[in-house]
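Written below as structure tokens is the structure these notes are about.
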There are 4 protein chains.
Amino acid sequence: MQSSTPAGRAGRPRSAAADTAILAATRAALVDLGWSKLTLQDVATRAGVAKTTLYRRWVGKNELVVDAVAELFDELRLPDRGSLAADIEGVVLQFAAILARPEAKSGLMAVVAESTRDAALRERIRTSIVERQKRLVLEGRARAQARGELPAEPDPVEAARTADLIFDVVAGAVVHRTLVSAEAADGEWVRSFARVLLWGLASLPHQPGLPQDHE
Amino acid sequence: MQSSTPAGRAGRPRSAAADTAILAATRAALVDLGWSKLTLQDVATRAGVAKTTLYRRWVGKNELVVDAVAELFDELRLPDRGSLAADIEGVVLQFAAILARPEAKSGLMAVVAESTRDAALRERIRTSIVERQKRLVLEGRARAQARGELPAEPDPVEAARTADLIFDVVAGAVVHRTLVSAEAADGEWVRSFARVLLWGLASLPHQPGLPQDHE
Amino acid sequence: MQSSTPAGRAGRPRSAAADTAILAATRAALVDLGWSKLTLQDVATRAGVAKTTLYRRWVGKNELVVDAVAELFDELRLPDRGSLAADIEGVVLQFAAILARPEAKSGLMAVVAESTRDAALRERIRTSIVERQKRLVLEGRARAQARGELPAEPDPVEAARTADLIFDVVAGAVVHRTLVSAEAADGEWVRSFARVLLWGLASLPHQPGLPQDHE
Amino acid sequence: MQSSTPAGRAGRPRSAAADTAILAATRAALVDLGWSKLTLQDVATRAGVAKTTLYRRWVGKNELVVDAVAELFDELRLPDRGSLAADIEGVVLQFAAILARPEAKSGLMAVVAESTRDAALRERIRTSIVERQKRLVLEGRARAQARGELPAEPDPVEAARTADLIFDVVAGAVVHRTLVSAEAADGEWVRSFARVLLWGLASLPHQPGLPQDHE
DNA sequence: TTTTAACCGAGACGGTACGTCGTGTCTTAGT
DNA sequence: ACTAAGACACGACGTACCGTCTCGGTTAAAA
């Protein structure tokens, strides 16, 4: 999380249970109140902890919420569904399911907004949330290349750039659909999105009622 | 905006100049302070206006910032650059340029985050910002269809759904690149993005050093 | 009151009815809200008049309330009850009855408090309220001297000083009883007070159950 | 004052020095600004304290000023000057000296005016200010009875009633002279007042130029 | 065992912004 | 020239939250 019994080890150690309780309380408060009405005193009370304990472990509301929201993305997995298209649809649906939860909705964009003026927060978001998600893109591409669905990348620099692009397209689309357009990224939407991602715009209008074998 | 001399015309009319000054002051404050440090008193002072005048015209900080940021998107145009690919690159670059400005960065995601718990704010964002942008997608598609680059849409419902999808992909990618990944959506990125959008993932690694004639 | 069609007489004349309505509305507002909650907008609304009209005729809340309260003391009279003792009791009872009304209670001490830092207001209170009351003291003394109950005053300076003293003792006792001690200045209290005033402290404990022929 | 570490003693204790500083700052603000211009923020700043600290200890401006003014009356004493007349003159002069101070002038009548619509405030004034003063009346009478200047009171109910009356006459006269008539209660006035109080109106005009041996 | 040092709860503290309200001025249109 | 209506600049209100601090009291590793 953030500490780890720094150097001197005398004295009473920090309660490990408190961390868990605090992060859970933060998510609960996000659900009930949303980002802007959430207060650290309220989180502390919900967690059965003093406000001081919160400040001893996190520098502020932003950092706390990043950690609380980051845990939501721990459950993201990339099970092998047999094809690149199916893998994409699977992971996008998972991502959409997480973003549909109010604690993610409320918290995620708020800390991103804050991070535009706070480099440390930006870095924390990158390591706690973004990188964790980006690994799935790399993993999915490797799997597709192993299957022969995608050609190998000769240039590693270009490969990284491409992975970043794909990540922004995938994550951005789901986030925008869910938060800005404020509509559900359901199965139908995900299938259409995966088609565009794989084959481009031209592929779109051709098979509106195409029979689907998954979901 | 929000008012317009409701019905009765008695009393001193609202100053039209104040609206302009307030929205400009809001953007200036966003640049200097960012969303979370922005105070309505500061905005009022910058605009040479009393705080009460702000509250008479906007219900709160969120609504004010939506209007202030929405004006930034007024300059979005879709000049005809001859091909769908060039049109996409052009408009995406414009969108990226706006999002690169600190007043947009600070304000946009913050109000989106707030809107997850406020239906009225969500609606305001939709009409003031989202719909304004979405029109460009419809316009670009119509132009591409006229050129023969895209087939006609037989089903209007499906056509709307598709436009929504494209909009979320385009806007989402730029927003995510700019705000979450926190990197510039520059010419190179935009070209790569447009290629994926048009022809899909498979098109990506084939022409890494393809000569480019625009930007 | 304060104006009177100054010199130029062109244009629409001021409504005389408005003055009456405003002062009555002020007293009503004093009863309902008290001094500190009273607002000029509320008074204007009660009087069916615009706030501007109020400011055109009075400089502020203090002056308005002085005038509104002053009218309450117009009803003070000094009917000849045959003896100095009876006259005193009669006028004190009248004064107590006025001070018992909530519009006087709320307003009077408030403007006095304000007047400690505002010479113009002090002067307005003196002419509108204090002098009006003090005349009764002079009148009562003259009558008592005519009856032979009090000796004539040889020195006019000393006579004025004495009248002021008596006035402060009488008015002060009733005001303090009513507002500070917050108890009613009823018949029994007034009789005891009159006895002290006429014959001094020593007269007090002797006839507690003395038969009374008036009130 | 008002608190006293209620029951549980957890948490940081309230600063005792703050109370003193706040009351002194309140009196200073009364001197500089008067009641109506006095703001709690200004008092807080003068006391080097946050506005919240004020609200934690007093419910409002009225209560704060009552406590600040009440302390002024702590210095009232009743030194034995040998005769009832001298005792009265002495204590009245002290009372007048306090009322002559601008912090008392500004604050006292204002809170009395407010108290006409606030029973809790009335009670606070009674216990903090009125009762403290009334004790001097009882003490002075007991001393005069011991000297044989006044007869003993057989009926305790009547004795209390009489003390109240004397108190209202004395305090009321000084208050009215100082605040309403807005003139100084100086030595000459006090001597005349004491004569009336002791021997009644009839005693007044007889010795206009009587030689005085005190003041 | 006894230190002993860091932990913990509670809650007061100095600050700052909030959104509301009242004041006194002004700018309209209407009488 | 007056009026009613209401917008305006200003500034105080009382509340809420922030992040810090100061207490009394606990807890576990080090001495």
Side-chain angles (χ1 to χ4, degrees), chain A residues 5-6 8-15 18 36-42 44-45 48-61, chain B residues 3 5-6 8-15 18 36-42 44-45 47-61, chain C residues 5-6 8-15 18 36-42 44-45 47-61, chain D residues 3 5-6 8-15 18 36-42 44-45 47-57 59-61:
Chain A
T5 349
R9 80 259 309 109
R12 176 176 173 179
R14 287 187 179 166
S15 157
S36 61
K37 306 285 185 195
L38 177 152
T39 70
L40 292 193
Q41 180 60 77
D42 181 82
T45 306
V49 141
K51 200 170 52 146
T52 332
T53 300
L54 267 171
Y55 279 103
R56 218 173 277 122
R57 302 176 187 212
W58 285 274
V59 286
K61 185 166 149 173
Chain B
S3 69
T5 344
R9 80 256 312 107
R12 176 173 173 177
R14 290 192 176 166
S15 158
S36 62
K37 307 283 186 198
L38 178 151
T39 69
L40 291 193
Q41 178 61 75
D42 181 82
T45 305
V49 140
K51 198 168 51 148
T52 34
T53 298
L54 281 181
Y55 281 104
R56 211 174 285 119
R57 301 175 186 216
W58 286 274
V59 288
K61 186 166 149 174
Chain C
T5 350
R9 77 237 334 96
R12 175 173 172 181
R14 286 189 180 166
S15 158
S36 61
K37 307 284 185 196
L38 176 151
T39 71
L40 293 192
Q41 180 59 77
D42 180 82
T45 305
V49 141
K51 200 168 51 143
T52 332
T53 301
L54 267 171
Y55 279 103
R56 217 174 280 120
R57 302 178 186 212
W58 285 273
V59 287
K61 185 166 150 174
Chain D
S3 68
T5 343
R9 79 254 314 106
R12 178 173 172 177
R14 289 192 177 166
S15 157
S36 61
K37 308 282 186 199
L38 178 152
T39 70
L40 291 193
Q41 178 61 77
D42 181 82
T45 304
V49 140
K51 196 169 50 147
T52 34
T53 298
L54 280 181
Y55 281 104
R56 213 174 283 120
R57 299 173 187 218
V59 288
K61 188 166 148 173

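Atom set for the values below is all heavy atoms of this structure, side chains included, hydrogens, waters and symmetry mates excluded. Convention: sequence-line order gives letters A, B, ...; per-chain numbering from 1.
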Set of side-chain hydrogen bond (donor to acceptor under 3.5 Å, both in side chains) partners for A/Ser36, sequence neighbours left out: B/Glu114
Please check the phosphate of [N] (OP1 and OP2 only) for any side-chain N or O of [X] closer than 4.0 Å.
{"X": "D/Arg56", "N": "F/dG14", "answer": "no"}
{"X": "A/Arg14", "N": "F/dA28", "answer": "no"}
{"X": "D/Thr53", "N": "E/dA12", "answer": "no"}

5' priority, DNA chain E, between C/Tyr55 and B/Leu38 [closest heavy atom]: B/Leu38
Within this structure, what is the [atom1]-to-[atom2] distance between [X] and [N], rounded to whole angstrom?
{"X": "B/Gln41", "N": "E/dT16", "atom1": "CD", "atom2": "P", "answer": "14 Å"}
{"X": "C/Leu40", "N": "E/dT25", "atom1": "CG", "atom2": "P", "answer": "11 Å"}
{"X": "C/Lys61", "N": "E/dT25", "atom1": "NZ", "atom2": "C1'", "answer": "18 Å"}
{"X": "A/Leu54", "N": "F/dG19", "atom1": "CG", "atom2": "C1'", "answer": "12 Å"}
{"X": "A/Arg57", "N": "E/dA6", "atom1": "CZ", "atom2": "C1'", "answer": "12 Å"}

Looking only at heavy atoms, which two atoms of [X] and [Y] are closest? And how far apart?
{"X": "D/Leu54", "Y": "D/Leu40", "value": "CD1-O, 3.3 Å"}
{"X": "C/Ala50", "Y": "C/Ala44", "value": "C-CB, 4.0 Å"}
{"X": "A/Arg57", "Y": "A/Ser15", "value": "NH1-O, 2.9 Å"}

Side-chain donor/acceptor contact of D/Lys51 with base of F/dG14 under 3.5 Å: yes
Test side-chain contact (heavy atoms from CB on, under 4.5 Å) applied to B/Thr45 - qualifying residues, sequence neighbours left out: B/Gln41
Residue met sooner reading DNA chain F from 5', once A/Lys37 and D/Asp42 are mapped to nucleotides: D/Asp42
Residue met sooner reading DNA chain F from 5', once D/Thr39 and B/Ser15 are mapped to nucleotides: B/Ser15
Taking N or O atoms only and anything under 3.5 Å, show me the protein contacts with nucleotides 26-29 of chain E, one pair per line.
{"from": "E/dC26", "atom 1": "O2", "to": "B/Arg12", "atom 2": "NH1", "distance (Å)": "3.2"}

Touch class at under 4.0 angstrom, heavy-atom based, for B/Gly48 against every strand present: sugar-phosphate
